[in-house]
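One structure is given here, and the rest of the page talks about it.
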Amino acid sequence: MKMNNLLLITSLFLIFSCEKKTRLVDIKLLILTPKTYYEIPVILSGKIFEVGPGGLWFVLEDKTGYIQVTTENITAYLPCMQKGKEVAIIGKLKQFKVHKYFSIQTMLRCDN
């Protein structure tokens, strides 16, 4: 199962990197070098650590750190918005005042 997920993520990464230069990025890299990633679509992969009220946001954790992800009130993602679910998402890094967050555009993968 994990091998299939890895192959899926790798395939999606290759497809999107060829077409739109979208690539898989560690959260730590996103946070430490934000100017490189603002408003550029990237792929994040990790585990949902916390879910906000009504599923308006969640905190995504990978091996390098955490970031808040806003869902822009897209209800299609609600079934995947559960603590402990493994997800891969495409979105963009944004900032409001000093708060950096990730705005989801597409859910690529949702596993237990």
Side-chain angles (χ1 to χ4, degrees):
M1 183 74 145
K2 292 206 180 240
M3 185 58 121
N4 288 341
N5 291 337
L6 182 60
L7 289 172
L8 174 64
I9 290 174
T10 304
S11 299
L12 290 170
F13 170 73
L14 291 173
I15 291 168
F16 282 103
S17 64
C18 292
E19 291 180 8
K20 300 180 183 179
K21 296 187 175 29
T22 303
R23 64 185 194 131
L24 182 63
V25 176
D26 287 335
I27 292 172
K28 182 178 181 178
L29 188 60
L30 200 68
I31 298 298
L32 292 178
T33 57
K35 290 181 181 179
T36 307
Y37 297 104
Y38 279 127
E39 298 297 329
I40 297 170
V42 295
I43 299 171
L44 296 181
S45 181
K47 184 184 292 189
I48 295 178
F49 180 76
E50 181 182 354
V51 179
L56 296 175
W57 57 268
F58 61 91
V59 176
L60 184 68
E61 169 190 23
D62 72 5
K63 64 184 185 269
T64 66
Y66 301 85
I67 192 164
Q68 182 176 343
V69 177
T70 62
T71 62
E72 307 295 336
N73 205 15
I74 301 172
T75 58
Y77 304 138
L78 285 175
C80 284
M81 304 264 301
Q82 298 173 22
K83 186 175 180 175
K85 290 261 189 178
E86 293 280 339
V87 297
I89 57 177
I90 293 179
K92 295 179 181 179
L93 180 65
K94 299 191 178 229
Q95 184 166 342
F96 178 73
K97 297 187 179 179
V98 297
H99 179 73
K100 293 176 190 74
Y101 66 96
F102 195 75
S103 179
I104 189 172
Q105 293 175 325
T106 304
M107 179 89 56
L108 298 175
R109 176 180 53 88
C110 174
D111 297 330
N112 287 331

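Below, all heavy atoms of this structure are taken into account, side chains as well, without hydrogens, waters or symmetry copies. Residues take their numbers from the sequence shown, with the count starting at 1.
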Distance-only criterion, 3.5 Å: show the donor-acceptor pairs between side-chain atoms of residues 90-102 and protein atoms not counting sequence neighbours.
from: Gln95; atom 1: OE1; to: Tyr38; atom 2: OH; distance (Å): 2.1
from: Gln95; atom 1: NE2; to: Lys97; atom 2: O; distance (Å): 2.6
from: His99; atom 1: NE2; to: Gln68; atom 2: OE1; distance (Å): 3.2

For the student: nearest non-hydrogen atoms of Ile104 and Val69, plus distance: CB-CG1, 4.0 Å
Validation row: Val87, Ile48 side chains within 4.5 angstrom (heavy atoms): yes
Salt bridge (Lys or Arg N to Asp or Glu O under 4.0 Å) pairs, two or more places apart, involving residues 43-61: none
So CD of Gln105 and OG1 of Thr22: to nearest 0.5 Å the spacing works out to 8.0 Å
Which residues pass the side-chain hydrogen bond (donor to acceptor under 3.5 Å, both in side chains) test with Thr106, not counting sequence neighbours? none
Identified side chain to side chain contact (heavy atoms under 4.5 Å, CB included) counterpart of Leu108 within the set Leu44, Ile89, Ile43: Ile43
Before accepting this row, confirm whether a basic side-chain N of the pair Asp26/Lys63 lies closer than 4.0 Å to the acidic partner's carboxylate O. yes
List the atom of Arg109, the atom of Ser45, and the distance in Å for their closest heavy-atom pair. NH2-OG, 2.8 Å
Residue pairs, two or more places apart or on separate chains, that pass ring pair (Phe, Tyr, Trp, His ring centres under 6.0 Å) and touch residues 46-69: Phe49-Tyr66
If you take all heavy atoms of Cys80 and Met107, which pair is closest and at what distance? CB-CE, 4.0 Å
Taking atom CG of Leu30 and atom OG1 of Thr36, what is their separation to the nearest 0.5 Å? 9.5 Å
Closest heavy-atom pair, Met81 versus Gly55, reported as atoms and distance to 0.1 Å, is CE-O, 3.2 Å
Could you tell me which residues satisfy side chain to side chain contact (heavy atoms under 4.5 Å, CB included) with Lys28, sequence neighbours excluded, listed by chain and number? Leu32, Thr64
